[in-house]
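Keep in mind it's a predicted model, so treat the numbers as computed, not measured. All heavy atoms count here, side chains included; hydrogens, waters and symmetry mates do not. To find a chain, count down the sequence lines: A is the first, B the second, and so on, and within it residues start at 1.
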Amino acid sequence: MTWEIFNAIGTIAFAISGAIVALEEDYDILGVYVLGMVTAFGGGTTRNLLIGVPVSEIWDQGPLFMMAIFIITIVFLFPSGALKHWGRWGTFTDAIGLSTFAILGAMHATEMNHPLSAIIMAALLTGSGGGIIRDLLAGRKPSVLREDIYGAWAMLAGLLIGIDLVNQTWGLYLLFVAVVTLRMLTVKYGWKLPHRQFTDQKKAHM
Amino acid sequence: MTWEIFNAIGTIAFAISGAIVALEEDYDILGVYVLGMVTAFGGGTTRNLLIGVPVSEIWDQGPLFMMAIFIITIVFLFPSGALKHWGRWGTFTDAIGLSTFAILGAMHATEMNHPLSAIIMAALLTGSGGGIIRDLLAGRKPSVLREDIYGAWAMLAGLLIGIDLVNQTWGLYLLFVAVVTLRMLTVKYGWKLPHRQFTDQKKAHM
Amino acid sequence: MTWEIFNAIGTIAFAISGAIVALEEDYDILGVYVLGMVTAFGGGTTRNLLIGVPVSEIWDQGPLFMMAIFIITIVFLFPSGALKHWGRWGTFTDAIGLSTFAILGAMHATEMNHPLSAIIMAALLTGSGGGIIRDLLAGRKPSVLREDIYGAWAMLAGLLIGIDLVNQTWGLYLLFVAVVTLRMLTVKYGWKLPHRQFTDQKKAHM
């Protein structure tokens with residue numbers, strides 16, 4: 001039950017993030033709904049595809065769909081009003097979504113008896129796959145591949161579940177809190193993953 | 001039989017639209033074929049994936065493939081000549097494709113006993129999914145998410161079939177004509193879906 | 001056994017190409033790994049999806065994964081040092097990958113009793129699908145659709161296998177050498193597929 005609440009919070013946060021990106025790109029109302037839904041449900045769908053769960057299972061999430069559609073409508077109707085103070089709340093609910101999706105994704109892959117690589121990838125995809133599809137549909141470079149630390153926290157959750165270090169209920173809750181905290185600290189202190197300077201000879205000559 | 005003719009017309013129109021986009025982007029002949037084929041068959045393939053029909057069923061459409069490859073070859077060989085007066089015909093045959101694909105897609109999802117959300121999504125994806133993949137492969141923002149009314153007519157068809165308001169043969173033909181007409185009126189009068197102005201604080205500060 | 005060695009060489013070359021593109025785009029370490037892995041394994045995964053092989057079979061390639069992760073780590077740690085003289089070697093190992101992936105992809109589709117169109121598409125996708133996904137995730141137009149001759153050699157391999165002209169072990173080796181050679185000559189002499197000038201009336205008026 002607790003996980004269902006976290007899952008709902010994350011779905012809402014992801015749907016809002018997709019709707020906002022669509023508004024920023026001046027997409028029409030169809031674009032706002034499509035990006036909202038894709039951000040909320042695209043990660044889990046891609047994960048199902050890769051770990052061998054029937055993709056059509058997404059259609060069993062009726063109540064979550066309704067909720068996402070409702071919240072996207074609110075965003076579309078009151079873009080400035082509804083989103084004025086969303087910034088901080090958005091980061092927090094999005095962190096809940098990242099953490100929940102990563103943990104549930106990793107557990108899903110574990111149940112299918114997949115190897116560690118698949119479990120880590122499932123956590124990463126469930127947590128950040130929706131955002132990647134959102135960015136592609138918005139004509140942007142996927143932010144998760146170049147900005148602050150996001151997907152790596154999902155992979156960390158996948159790793160700890162995959163090596164069976166975390167498997168008890170209380171352990172999973174602890175992991176949930178840890179990932180949310182790490183994500184919030186990332187935003188607060190502007191943590192980034194390492195980048196490498198790469199001088200491309202060809203580009204340098206142009 | 002009638003639907004097969006509509007389906008063929010739509011497939012040709014979609015293949016031509018993909019080939020033209022590739023020519024506009026100065027892609028080579030391989031790019032022209034790939035974008036043509038992807039626009040014609042990508043929507044149905046993605047729909048199959050999401051509603052649980054084996055994706056490999058696409059390979060059973062041999063004659064449609066041949067037709068699409070033939071027409072793309074014509075477009076490539078005579079780009080200016082063949083396309084001089086294509087504009088209006090293109091809009092009309094594309095509208096036939098949109099309408100046919102949406103209706104057949106929705107019926108496909110209905111046969112699988114999926115809920116309404118899946119039926120509407122199947123209509124949208126079959127009708128406009130190919131165009132979205134085409135735009136992504138061309139490095140463009142998907143036009144269906146931001147320009148005039150296109151995908152919404154597909155969703156309307158999906159809705160009417162999904163709530164079982166339209167299920168008789170004559171009803172489906174009527175719906176087909178309605179969607180084609182609505183799409184043609186959209187182009188003629190420049191109808192658009194609502195947009196919302198969204199002032200992004202962060203962007204405004206830059 | 002020989003094919004496994006070719007396959008390993010190709011996987012390494014593809015992983016390196018993905019990692020380099022990520023470095024060129026200033027992606028962080030997560031982006032470097034994701035693009036490296038996607039380039040190496042994305043083509044085969046998409047092919048499996050389209051020819052009806054369970055996509056989750058990718059997780060059985062543990063040793064190849066390890067190898068790809070190892071080589072991407074090297075690229076990330078020593079970008080300039082490791083890549084100084086990579087250019088020519090990169091082209092050669094990439095050609096081995098293209099040839100191997102195309103041949104193995106075509107044989108995979110043949111075993112599934114798919115028609116010729118599916119076999120050619122399987123060769124094309126296995127050989128160049130990873131690069132297309134890499135380019136999309138990097139915010140680039142897919143190079144295979146517009147630059148020199150790459151995917152067409154994969155399709156040629158698919159064609160010759162699909163019409164059963166090449167099916168013996170020695171014939172496959174000969175085909176392998178031919179595709180590698182054609183690809184190397186393409187790079188050496190700057191061969192290109194035909195392009196067509198296309199004057200878009202609308203664009204010309206703007």
(request) With a 4.5 angstrom heavy-atom cut-off, could you sort out which part of B/Leu193 is near chain A: side chain, backbone, both or neither? (result) both
(request) First locate atom CD1 of B/Ile119, then atom CH2 of A/Trp59, and finally report the distance between them rounded to the nearest 0.5 Å. (result) 10.0 Å
(message) Please classify the contact between B/Leu116 and chain A as side chain, backbone, both or neither, with a heavy-atom cut-off of under 4.5 Å.
(response) neither
(message) Looking at every heavy atom in both A/Tyr27 and B/Arg146, which two are closest together, and how far apart are they?
(response) CE1-CD, 3.4 Å
(request) Select one option (side chain, backbone, both, neither) describing which atoms of B/Ala152 are under 4.5 Å from chain A's heavy atoms. (result) backbone
(message) For A/Phe76, which atoms come within 4.5 Å of any heavy atom of chain B: side chain, backbone, both, or neither?
(response) both
(request) Select one option (side chain, backbone, both, neither) describing which atoms of B/Ile132 are under 4.5 Å from chain A's heavy atoms. (result) side chain
(request) Over all heavy atoms of both residues, which pair between A/Leu137 and B/Pro142 is shortest? Give the atoms and the distance, please. (result) O-CD, 3.3 Å
(request) Quick one: do A/Asp28 and B/Lys192 satisfy side chain to side chain contact (heavy atoms under 4.5 Å, CB included)? Show the steps, please. (result) CA-CA 8 Å; A/Asp28 63 24; B/Lys192 280 178 187 297; over 6 Å; no
(message) Please classify the contact of A/Ala22 with chain B as side chain, backbone, both or neither, using a heavy-atom distance under 4.5 Å.
(response) neither
(request) Return the minimal non-hydrogen interatomic distance between B/Arg196 and A/Phe78, and the atom names on each side. (result) NH1-N, 4.3 Å
(request) Check the surroundings of atom CZ in B/Phe92: do more than 12 heavy atoms from other residues, nucleotides or ligands lie under 6.0 Å from it? (result) no
(request) Using a heavy-atom cutoff of under 4.5 Å, enumerate the residues of residues 33-57 of chain B that contact chain A, numbered in order, or state 'none'. (result) B/Leu49, B/Leu50, B/Ile51, B/Gly52
(request) Find the distance between CG (A/Leu136) and NZ (B/Lys141) and round it off to the nearest 0.5 Å. (result) 13.0 Å
(message) Need one label for B/Pro115: side chain, backbone, both or neither, based on atoms under 4.5 Å from any heavy atom in chain A.
(response) side chain
(message) With heavy-atom distances below 4.5 Å as the criterion, would you say the side chains of A/Leu30 and B/Met155 are in contact?
(response) yes
(message) Can you tell me if A/Met112 has over 12 outside heavy atoms packed within less than 6.0 Å of its CE?
(response) yes
(request) Please state whether the side chain, the backbone, both or neither of A/Ile58 comes within less than 4.5 Å of a heavy atom of chain B. (result) side chain
(message) Within a 6.0 Å radius of atom CH2 on A/Trp89, are there more than 12 heavy atoms belonging to other residues, nucleotides or ligands?
(response) no
